[in-house]
Amino acid sequence: MNAAREVAMGRAVFRQLISAGLAAAILLAACPAGAGLWRLAVKEAATAAGERVLLSEIAEPSGDFPADAWAVLGATPLWYAPETVGRQTVIPSAKVLEGLRYYLRDAPVEFSLPNQVVLARGGKVVDAAQLRALAVETLTPLVVALGGEARLVSVTTPDHLFVDDQASVSVAVSEVTAGKTAFRYVVTGTGARILQQTPAEAVVEHLARVPVAIKSILPKDGAAVEQIAYVYERRNMAGIKGRLWEPADGQWRARRGVGPGQIIMADEMEAMPLILRGDQVRLVYERKTVRLTMLAEAVTDGAAGGKITVKNSKNSKEITGVVRDRSTVMVQ
């Protein structure tokens, strides 16, 4: 008889002894004299494949638990599982401990127990550590894409998800923003059918260099002349919605008022007009063989390339044109 066959027969004998209620005696014999108790960590959530819950389905060995001993003890049938596949039951910690002591009797083990065990029939469990790893993998590239100093601070996940054996779990997120970002765990079955969606949340820290007003900027005030009205500061972008103002080259003015210390947003600024309301301009009508020029008065402000309304100096008729330069408006 070879060694592998001897081991197999030995394990079979162990299982027979367990079914006869003698496993504790065997394990006591296997535990060296004076050695500490072997430890089992009971899971917060577990599934049972069959009619009875097996010890290996709800607990994991920790420390120096001998592999052969666990192979035997882990096969110990405990209490009955929920009758219906997919059904869940919650077992308080005291009841779990009571059941373990009853079925394992005097086995030389001690237990690390959660407050309760959620048990389901069939399927598999995706625990909090797996869910967090999946969220980090999905969200990290999106956080990096924010630019500046952005990092994923934390992820709040469900304690666990019960899913079918063939189902897959993914993370769906519409947008990653500074501060709190909501996302969903999506459980998908065969044929890409969505079986379950569970909300979760991440916290993102995003520090960026932004333009900040150093004094009140009133509507129509220029704000980009030699940077006299704003400075750049490092700010947390949490709660900041919209696009930041980017001065680049050229001159700008405020479209609406901005207070001291406030971040300047793009929709609060506009390019400084080349033509201001009340300015005298040349109104030019030009075609292949015709060119007409007349004097007009600007009724509205106009930036380069933008539309402007002017008034004919002779008959006060209002005409829309496009600003070419500081004194010329082309008729559409």
Side-chain angles (χ1 to χ4, degrees), residues 39-49 53-63 65 70 74 81-82 85-93 96 111-190 192-208 236-241:
R39 293 180 176 84
L40 290 177
V42 177
K43 305 172 185 177
E44 293 184 358
T47 59
V53 180
L54 302 182
L55 179 61
S56 61
E57 292 174 325
I58 68 162
E60 295 176 333
S62 60
F65 206 119
W70 176 242
V85 173
R87 184 177 178 183
Q88 301 174 20
T89 184
V90 178
I91 310 173
S93 175
V96 174
F111 307 101
S112 172
L113 295 164
N115 293 329
Q116 62 183 27
V117 175
V118 183
L119 183 67
R121 178 73 175 270
K124 60 185 178 181
V125 178
V126 184
D127 62 28
Q130 293 171 301
L131 293 172
R132 185 182 188 283
L134 180 59
V136 169
E137 180 183 3
T138 304
L139 297 176
T140 296
L142 302 177
V143 172
V144 172
L146 292 175
E149 302 172 50
R151 68 186 183 96
L152 186 61
V153 176
S154 63
V155 175
T156 303
T157 72
D159 293 333
H160 55 266
L161 290 179
F162 288 106
V163 303
D164 294 342
D165 286 320
Q166 305 305 317
S168 62
V169 182
S170 61
V171 169
V173 58
S174 57
E175 182 184 17
V176 171
T177 59
K180 294 182 179 180
T181 288
F183 66 94
R184 292 168 289 121
Y185 287 103
V186 180
V187 179
T188 306
T190 55
R193 185 166 66 96
I194 295 178
L195 305 175
Q196 180 182 347
Q197 298 192 65
T198 303
E201 186 179 81
V203 175
V204 176
E205 181 182 76
H206 182 203
L207 302 177
N236 189 333
M237 299 302 292
I240 305 301
K241 304 295 184 182

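In this text the structure is predicted, and so the values were computed from the model without any measurement.
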Legend entry - Thr138 vs Phe183, side chain to side chain contact (heavy atoms under 4.5 Å, CB included): CA-CA, chis, key distance, verdict: CA-CA 10 Å; Thr138 304; Phe183 66 94; over 6 Å; no
Legend entry - Atom of Ala167, atom of Lys124 and distance for their closest heavy-atom approach: O-NZ, 3.5 Å
Inset, instruction - Hey, could you give me the CD/CD1 distance between Glu44 and Ile58, rounded to the nearest 0.5 Å? - result: 13.0 Å
Legend entry - Distance (rounded to the nearest 0.5 Å) between Thr181 OG1 and Leu139 CG: 7.5 Å
Legend entry - Expected output: side-chain Thr47 to main-chain Gly123 donor-acceptor under 3.5 Å: yes
Legend entry - Shortest non-hydrogen contact between Trp70 and Phe65, atoms and distance: N-CE2, 3.6 Å
Legend entry - Test item: Ser56 side-chain N/O and Gly74 main-chain N/O as donor-acceptor pair under 3.5 Å: yes
Legend entry - Nearest-0.5 Å distance, CD1 of residue Ile240 to OG1 of residue Thr177: 11.0 Å
Inset, instruction - Taking the side chain as every heavy atom from C-beta outward, state whether Leu161 and Thr198 have any pair of such atoms under 4.5 Å apart. - result: yes
Inset, instruction - For residues Val171 and Ala135, report the shortest heavy-atom separation together with the two atoms involved. - result: CG2-CA, 3.9 Å
Legend entry - Shortest non-hydrogen contact between Pro82 and Thr89, atoms and distance: CG-CG2, 3.8 Å
Legend entry - Check: Leu134 main-chain N/O paired with Glu137 side-chain donor or acceptor under 3.5 Å: no
Legend entry - side chain to side chain contact (heavy atoms under 4.5 Å, CB included) between Val126 and Val163, worked out: CA-CA 7 Å; Val126 184; Val163 303; 4.0 Å; yes
Legend entry - Short side-chain to backbone donor-acceptor contact, Glu57 and Ala49, under 3.5 Å: yes
Inset, instruction - Kindly compute the distance separating NZ (Lys43) from CG (Leu113), expressed to the nearest 0.5 Å. - result: 14.0 Å
Inset, instruction - Enter the distance from Ser170:OG to Ile194:CD1 here, rounded to the nearest 0.5 Å. - result: 8.0 Å
Inset, instruction - Return yes if some donor-acceptor pair links the side-chain N/O of Asp164 with the main-chain N/O of Gln166 below 3.5 Å, else return no. - result: no
Legend entry - Worked verdict on Val96 versus Val42 for side chain to side chain contact (heavy atoms under 4.5 Å, CB included): CA-CA 9 Å; Val96 174; Val42 177; 4.3 Å; yes
Legend entry - Pairing residues for His206 by the ring-ring contact (aromatic ring centres under 6.0 Å, His included) criterion, not counting sequence neighbours: none
Legend entry - Heavy atoms of other groups near Asn115 CG, more than 12 under 6.0 Å: no
Legend entry - Close side-chain approach of Val186 to Val169, heavy-atom, < 4.5 Å: no
Legend entry - Taking every non-hydrogen atom, the tightest pair across Thr156 and Ala200: O-CB, 3.3 Å
Legend entry - Side-chain donor or acceptor of Ser93 paired with backbone N/O of Pro114 under 3.5 Å: yes
Inset, instruction - Show your working on side chain to side chain contact (heavy atoms under 4.5 Å, CB included) between His160 and Val118 and close with a plain yes or no. - result: CA-CA 10 Å; His160 55 266; Val118 183; 4.1 Å; yes
Legend entry - Spacing of Leu152 atom CG and Glu205 atom CD [to the nearest 0.5 Å]: 11.0 Å
Inset, instruction - Would you please say whether a donor-acceptor pair under 3.5 Å links the side chains of Ser62 and Glu60? - result: no
Inset, instruction - Report yes or no: does Tyr185 contribute a side-chain atom to a donor-acceptor pair with the main-chain N or O of Leu131 at less than 3.5 Å? - result: yes
Legend entry - For the student: nearest non-hydrogen atoms of Pro158 and Ala128, plus distance: O-CB, 3.8 Å
